[in-house]
Amino acid sequence: MSNLIGNHYRVMVFGQSHAPSIGAVIEGLPAGFRPDWDAVRAFMARRAPGGRLATSRREADLPEILSGLNERGETCGAPLAMRIVNGDTKSQDYAKLRDVPRPGHADYPAYVKFGGANDIRGGGQFSGRLTAPLCFAGALAMQLLAREGIRVRAHIARIENAADAPLDPVNPDLDAISDGDLAVIDLQAAEAMRRAILEAKADCDSVGGEVECFATGVPAGLGDPMFDGVENRLARALFGIPAVRGVAFGAGFDACGMRGSAHNDAYRMRDGRVVTETNRHAGILGGITTGMPVHVRVAFKPTSSIAREQHSVSLSAGEDAVLAVRGRHDPCIVPRAVPVVEAVTAITLYDLILERSASPWN
């Protein structure tokens, strides 16, 4: 199913941007787990809109638990179902898009695939709105990963041409990342990013960027060759986030210009365990984790819904048309995408942890 990720920690997302609600059904939570709901709400608030850098749509994003807990508030072994009520919708802003599709958006291919029955309001099931329940599932996964000594954190590596300071791939200092509206290490870089977003917004345009994510404390031996490796699983899940255009691990495409002697990460013994001096392999070799930090970079395209006039077509008239998108849209989705990347990474890693427990090789 296309709305389902995970084999053991299984998350199915449902809903559309302007439907009465969106939500998720989660299987694989251990019985007797008492979630920290304050931490869940705080994590989800990082994705919520607000401020000059995001859409003016206002949603509380308060999760309502429908099933999966006992009378003591613990997981009981049943699937945990949750929903988030959609409130601040303005569906009339999207009426024209049923006939004149947005360039860069899924409006046209969805129209073809679903015979015109696709929900155009707010982008329907293709909207970034559906990342809210993903963040809920990811927040729970992070709490369970913490029990295993695993931590997941991301920052904005770049927005347009404004780049953040890099983290050390061998020993990333995740506490150096700001908790502000822009998750960065270098606060001067944050100001440059803010200017880039506001300038694009003033120009009725949008900008894209890149999110860099690390997972520390990941044990060696997770994953399977050849089509079920850790990179395969992470890439599949991360590409499910709307607007993702690329996923790279470690040195990524820069490895194409290296020699083997420069790209190989030398092994060493440190405190009785095998480590590597560098981490261009992103903590994964042969689809299996090595015990080094997992390191992934995710590229996001500029928001496709922009107020500037663009060429499109009228599907009813069968002729060229001009479209200027109205309504409320993010001039840059990257700031709000940071917790989504963390959530999807956490979901995938916790699924792999559960898989290790069920594996005959362990």
Side-chain angles (χ1 to χ4, degrees), residues 5-11 26-33 35-36 39 43 75 137-155 167-175 177 212-238 247-252 263-298 341-362:
I5 60 171
N7 297 321
H8 296 268
Y9 186 67
R10 294 161 58 87
V11 179
I26 305 168
E27 296 180 327
L29 288 164
F33 168 53
D36 180 341
F43 183 79
T75 53
L140 295 182
M142 284 186 176
Q143 293 182 30
L144 293 163
L145 286 173
R147 295 179 173 184
E148 307 286 334
I150 298 172
R151 187 179 178 192
V152 178
R153 192 73 200 274
H155 73 115
L167 284 168
D168 178 1
V170 176
N171 294 296
D173 181 6
L174 303 185
D175 290 324
I177 301 172
E212 181 179 49
C213 185
F214 285 92
T216 59
V218 179
L222 300 181
D224 289 285
M226 114 191 238
F227 299 112
D228 214 13
V230 177
E231 300 109 314
N232 309 55
R233 305 267 284 268
L234 276 171
R236 178 181 183 271
L238 289 165
V247 174
F249 295 90
H263 184 265
N264 291 345
D265 299 303
Y267 287 114
R268 308 299 291 167
M269 292 299 303
R270 295 289 183 268
D271 300 322
R273 63 183 287 258
V274 176
V275 299
T276 57
E277 291 181 343
T278 50
N279 192 22
R280 288 178 282 269
H281 71 290
I284 309 163
L285 290 170
I288 303 170
T289 55
T290 66
M292 297 299 290
V294 171
H295 176 202
V296 60
R297 300 174 73 99
V298 185
V341 170
E342 293 174 355
V344 169
T345 300
I347 290 168
T348 304
L349 290 177
Y350 187 60
D351 185 43
L352 287 161
I353 290 289
L354 293 181
E355 191 168 280
R356 177 188 62 178
S357 301
S359 172
W361 307 111
N362 294 303

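These values consider heavy atoms only, across backbone and side chains, with no hydrogens, waters or symmetry-generated copies. What you see is a predicted model, and the numbers here were worked out from it, not measured in a lab.
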Are [X] and [Y] packed together at the side-chain level, in the sense that at least one heavy-atom pair is separated by less than 4.5 angstrom?
X: L238; Y: T345; answer: yes
X: L349; Y: E148; answer: no
X: L140; Y: Y9; answer: yes
X: V275; Y: V170; answer: no
X: R151; Y: D175; answer: yes

Would you compute the distance between atom [atom1] of [X] and atom [atom2] of [Y] and round it to the nearest 0.5 angstrom?
X: T276; Y: R270; atom1: OG1; atom2: CZ; result: 10.5 Å
X: E212; Y: I177; atom1: CD; atom2: CD1; result: 8.0 Å
X: R147; Y: L145; atom1: CZ; atom2: CG; result: 11.0 Å
X: L352; Y: D228; atom1: CG; atom2: CG; result: 8.0 Å
X: D351; Y: I5; atom1: CG; atom2: CD1; result: 8.0 Å
X: T278; Y: D168; atom1: OG1; atom2: CG; result: 10.0 Å

With respect to V218, which candidate in I353, V152, V294 satisfies the side chain to side chain contact (heavy atoms under 4.5 Å, CB included) definition?
-> V294

Side chain of [X], backbone of [Y]: donor and acceptor closer than 3.5 Å?
X: E231; Y: F249; result: no
X: R153; Y: P172; result: no
X: T348; Y: L234; result: no
X: R280; Y: H263; result: yes

Testing the basics here: between [X] and [Y], what is the closest heavy-atom pair and its distance to 0.1 Å?
X: A346; Y: M142; answer: CB-CG, 3.6 Å
X: V230; Y: G223; answer: CG2-CA, 3.8 Å
X: P219; Y: R356; answer: CG-NH1, 3.4 Å
X: I26; Y: A137; answer: CD1-CB, 3.7 Å

Can you give me every donor-acceptor pair (side chain of residues 281-288, partner residue at least two apart or in another chain, under 3.5 Å) with its distance?
residue, atom, partner, partner atom, Å
H281, ND1, D265, OD2, 2.7
H281, ND1, N279, OD1, 3.3
H281, NE2, T290, OG1, 2.9

Verify the neighbour count for atom CE of M269: are there more than 12 heavy atoms of other residues, nucleotides or ligands below 6.0 Å?
-> yes

Measure up the F214 and H295 rings against each other and bin them: parallel (under 30°), tilted (30 to 60°), perpendicular (over 60°).
-> parallel

